[in-house]
**Q** 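One structure, as structure tokens, below. Some questions next.
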Amino acid sequence: LSCRNEHVMFVTIDGGLWFIGTNHKDVSGVTTGSDQTPHKKPVRVTGIPSMCHVHCDHYCTMIIDTNGRLWAVGHNIHGRLGMGDLLGRNVFECVPDLYDVVSVCGTVDATFVICADDSRWVATDNYRPFGVTPSRPCFFSRIQHLPPLSLINREEEQVAKRQCII
């Protein structure tokens, strides 16, 4: 389940992706009706494989399928869909060259991904804040120089234990 602005999307136990709300800037991948007409009842998104995770963001939606592939739809400001361009999408498209995705989140101008091998990636047209020199702008580029997530999780666990003791 994920929501943002005026839309909610959720994945059902059978891997189906559903949408409720306003499809402003094509955030849902649902191509029926006006983008300003609210869908007050759930509408199933078609034409995509089974999903396991959904992330709604500022005028875009990212989903991870059961094979670990990332799919994107919506407004592509700053190239945050990771498709190599700034063109918006009104139906979900599979993001190229990105595999084994386990988590996705975003900001107004960038999308971040973590893959099963603990690598972290960002898609944007402004990579400077992330210390990334992209070989291909607006595609996902690997973020270097970050500690492994296992270390971060252990440190957070120790802090949580100390807070419970105090």
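We're numbering straight along the sequence, starting at 1.
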**Q** Working to the nearest 0.5 Å, report the span between CG of L81 and OG1 of T124.
**A**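 One finds 11.0 Å between CG of L81 and OG1 of T124.
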**Q** Would you call T61 and F19 a side-chain contact if the rule is heavy atoms closer than 4.5 Å?
**A**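 Not touching, per the 4.5 Å side-chain cut-off.
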**Q** Working to the nearest 0.5 Å, report the span between CZ of R120 and OG of S141.
**A**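 Separation between the atoms: 15.0 Å.
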**Q** Aromatic rings H75 and Y59: how do their planes relate, parallel, tilted or perpendicular, breaks at 30° and 60°?
**A**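 Perpendicular.
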**Q** When I63 is tested against each of V11, I48, V73 for side-chain contact (heavy atoms from CB on, under 4.5 Å), which residue passes?
**A**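 When V11, I48, V73 are each tested with I63, the side-chain contact (heavy atoms from CB on, under 4.5 Å) holds only for I48.
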**Q** So does D14 pair up with R44, basic N to acidic O under 4.0 Å?
**A**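 Salt bridge present between D14 and R44.
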**Q** Answer yes or no: is there a side-chain heavy-atom contact under 4.5 Å between I143 and F112?
**A**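 Sidechains of F112 and I143: in contact.
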**Q** Strictly distance-based, threshold 3.5 Å: is any side-chain N or O of N76 a donor or acceptor partner for the main-chain N or O of D85?
**A**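 Confirmed, N76 side chain pairs with D85 backbone.
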**Q** Could you tell me the separation between the CG atom of N67 and the SG atom of C94, rounded to the nearest 0.5 Å?
**A**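 One gets 9.5 Å once the value is rounded to the nearest 0.5 Å.
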**Q** So, the side chain of H53 versus the backbone of S103: is there a donor-acceptor pair under 3.5 Å, distance only?
**A**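 Side chain of H53 to backbone of S103: no pair is present.
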**Q** Output yes when a side-chain donor or acceptor of D117 lies under 3.5 Å from a complementary backbone atom of S119, and no otherwise.
**A**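 Checking the backbone N and O of S119 against the side chain of D117, a donor-acceptor pair under 3.5 Å is found.
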**Q** Is the shortest heavy-atom distance from the side chain of V104 to the side chain of I64 under 4.5 Å?
**A**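 In short, these two side chains touch, coming nearer than 4.5 Å.
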**Q** Of the non-hydrogen atoms in C52 and D65, which two are nearest, and what is the gap between them?
**A**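 In this case the closest contact between C52 and D65 is SG-O, 3.5 Å.
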**Q** Could you pull out the closest heavy-atom pair between R89 and M83, with the gap in Å?
**A**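 Residues R89 and M83, closest heavy atoms: NH2-CB, 3.1 Å.
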**Q** Are F140 and V113 packed together at the side-chain level, in the sense that at least one heavy-atom pair is separated by less than 4.5 angstrom?
**A**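 The answer is yes; the side chains approach within 4.5 Å.
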**Q** Test V95 against W71 for side-chain contact (heavy atoms from CB on, under 4.5 Å), laying out the working first.
**A** CA-CA 5 Å; V95 175; W71 295 70; 6.0 Å; no
**Q** Which heavy atom of V122 sits nearest to which heavy atom of A110, and what is that distance?
**A**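 Shortest heavy-atom contact: CG2-CB, 4.0 Å.
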**Q** Check M62 against A72 and note the closest heavy-atom contact, atom names and distance.
**A**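 Closest pair (atom of M62, atom of A72, distance): SD-CB, 3.5 Å.
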**Q** Which heavy-atom pair separates A123 from G79 by the least distance, and what is that distance?
**A**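 Between these two residues, the closest heavy atoms are CB-O, 3.8 Å.
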**Q** Nearest heavy-atom pair of G82 and F139: which atoms, and what distance?
**A**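 Closest approach of G82 to F139, heavy atoms only: O-CD2, 3.7 Å.
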**Q** With side chains defined as the heavy atoms from C-beta onward, is the minimum distance between W121 and L98 less than 4.5 Å?
**A**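 Counting from C-beta outward, W121 and L98 do come under 4.5 Å.
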**Q** Step by step, would you call V43 with W18 a side-chain contact (heavy atoms from CB on, under 4.5 Å)?
**A** CA-CA 5 Å; V43 177; W18 294 78; 5.6 Å; no
**Q** Any chance you could measure R142, atom CZ, to C115, atom SG, to the nearest 0.5 Å?
**A**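 If we round to the nearest 0.5 Å, R142:CZ and C115:SG are 8.5 Å apart.
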